[in-house]
Amino acid sequence: MSTDKRKVQEINAGSMADIAFLLLIFFLVATTMNVDTGLVRMLPPLAPENQKQEDVKVKERNLFLVLVSGNGSIMAGTSGNQEVIDLRLLKDRTKEFILNPMDDETLPEKTEKEFDLPDGSKWVYPVSEGIVSLQTTRDTNYQDYIKVQNELTRAFNEVRDEVSMRKFNAKFAELPEEQRDVVAKAIQVRISEAEPRVIKK
């Protein structure tokens, strides 16, 4: 009695290398790489070579000092009134410094400045003379530094939003470019990043 034996077809493995190569190319093209995070800052233009460099003098009341130490603790306040504060309080303290709502003599001065609006009208706003000075020690952790930077930037962004809502009934990011430029001039992000300093133990 004869049985019908069918031969099992062998799989041609010759093209497997080509398929693997195509898959490799696909994943290389389709995969996104993590971009290094950093801080977006526009640096001021270099001064002409023949121009004399002079120290910028700032009144003590116009300077908000923020020091991030190596162990992650934050000291913040005006000169002579610095205290250790929690990161969660830094944004509100910075906003209070920028706005000086009660015209406190220990907080920054304000200068009335006139701005031209896109519709041709004028807008007078008390611009703060305050500067936030962010300082670190040599052993400050980069992550701690970024967290503090984010809180300071968030404070300025929230002030811009509040001013935009009062003046134009829209948040800063939602304004047309001409109105955004006016608010940006009225609320300037003034964060000075000093050289890291060494604290003697």
Side-chain angles (χ1 to χ4, degrees), residues 31-47 53-110 126-166 171-174 180 183-201:
T31 304
T32 56
M33 304 294 245
N34 286 336
V35 180
D36 289 340
T37 56
L39 301 171
V40 180
R41 287 283 179 269
M42 183 177 283
L43 298 175
L46 287 171
Q53 296 293 325
E54 294 181 0
D55 291 335
V56 178
K57 294 179 181 176
V58 180
K59 289 183 180 178
E60 282 188 356
R61 67 177 284 188
N62 293 338
L63 199 60
F64 186 71
L65 303 168
V66 180
L67 172 65
V68 189
S69 67
N71 62 7
S73 63
I74 303 163
M75 284 191 71
T78 53
S79 183
N81 295 316
Q82 286 179 283
E83 59 183 1
V84 177
I85 66 167
D86 190 89
L87 178 67
R88 291 168 292 185
L89 300 174
L90 182 60
K91 174 181 66 76
D92 292 331
R93 286 283 182 86
T94 308
K95 281 176 67 176
E96 183 185 356
F97 172 81
I98 299 163
L99 292 169
N100 188 8
M102 306 301 290
D103 289 325
D104 190 335
E105 290 184 2
T106 61
L107 293 177
E109 299 168 299
K110 291 185 277 189
V127 177
S128 174
E129 299 293 327
I131 297 173
V132 177
S133 174
L134 175 57
Q135 300 175 357
T136 59
T137 56
R138 293 283 178 189
D139 57 345
T140 298
N141 184 288
Y142 183 69
Q143 295 301 324
D144 293 332
Y145 170 75
I146 291 295
K147 285 176 187 175
V148 170
Q149 256 284 354
N150 286 343
E151 289 301 300
L152 295 176
T153 306
R154 203 153 69 101
F156 280 96
N157 289 341
E158 284 190 13
V159 171
R160 282 181 171 179
D161 277 343
E162 289 169 14
V163 171
S164 299
M165 287 299 293
R166 281 199 307 269
K171 288 192 173 182
F172 180 73
E174 298 166 357
R180 259 201 326 268
V183 175
K185 287 175 186 172
I187 310 293
Q188 298 175 25
V189 179
R190 303 177 79 184
I191 302 174
S192 167
E193 296 176 35
E195 282 290 317
R197 57 184 190 174
V198 178
I199 303 291
K200 292 182 181 178
K201 294 181 180 179

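When every heavy atom of Asn62 is checked against every heavy atom of Pro108, the shortest pair comes out as OD1-CA, 3.2 Å. Across all non-hydrogen atoms, the minimal contact from Asp144 to Gly72 is OD2-CA, 3.5 Å. Summarising the geometry of Ser192 relative to Ile131, their closest heavy-atom pair is CB-CG2, 4.1 Å, with the distance given to 0.1 Å. The minimum heavy-atom distance linking Ser164 with Lys171 is given by the pair CB-C, 4.0 Å. Residues Phe156 and Gln188 share a closest heavy-atom pair of CE2-O, 3.2 Å. Shown here for Leu90 and Ala76, the closest heavy-atom pair between the two residues is CD1-CB, 4.1 Å.
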Given side-chain contact (heavy atoms from CB on, under 4.5 Å), test Arg190 with Glu129 step by step and report yes or no. CA-CA 9 Å; Arg190 303 177 79 184; Glu129 299 293 327; 4.3 Å; yes
One pair to check against side-chain contact (heavy atoms from CB on, under 4.5 Å): Thr94 and Arg154. What are the steps and the verdict? CA-CA 9 Å; Thr94 308; Arg154 203 153 69 101; over 6 Å; no
For Met75 and Val84, run side-chain contact (heavy atoms from CB on, under 4.5 Å): C-alpha distance rounded to whole Å, both residues' side-chain angles, the deciding distance at 0.1 Å, then the answer. CA-CA 4 Å; Met75 284 191 71; Val84 177; 3.8 Å; yes
Are Lys110 and Asp103 close enough, and set up right, to give a side-chain contact (heavy atoms from CB on, under 4.5 Å), and what steps lead you there? CA-CA 8 Å; Lys110 291 185 277 189; Asp103 289 325; 3.0 Å; yes
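Other residues, nucleotides and ligands contribute over 12 non-hydrogen atoms within 6.0 Å of the NZ atom of Lys95.
Residue pairs meeting the ring pair (Phe, Tyr, Trp, His ring centres under 6.0 Å) criterion with at least one member in residues 77-107, sequence neighbours excluded: Phe64-Phe97.
When each of Leu63, Leu65, Leu107 is checked for a side-chain contact (heavy atoms from CB on, under 4.5 Å) with Thr78, only Leu107 meets the rule.
Summarising the geometry, atom CG belonging to Leu134 is positioned 12.5 Å from atom CD belonging to Glu151; distances are rounded to the nearest 0.5 Å.
For Arg93 and Glu96, the salt-bridge test fails: no basic side-chain N is under 4.0 Å from an acidic carboxylate O.
A search for side chain to side chain donor-acceptor pair (under 3.5 Å) contacts involving Asn71 returns Ser69, Ser73, not counting sequence neighbours. By the side-chain contact (heavy atoms from CB on, under 4.5 Å) test, Lys185 pairs with Phe115, sequence neighbours left out.
Contact annotation: the side chain of Ile191 approaches that of Gln149 to within less than 4.5 Å [non-hydrogen atoms, C-beta and beyond].
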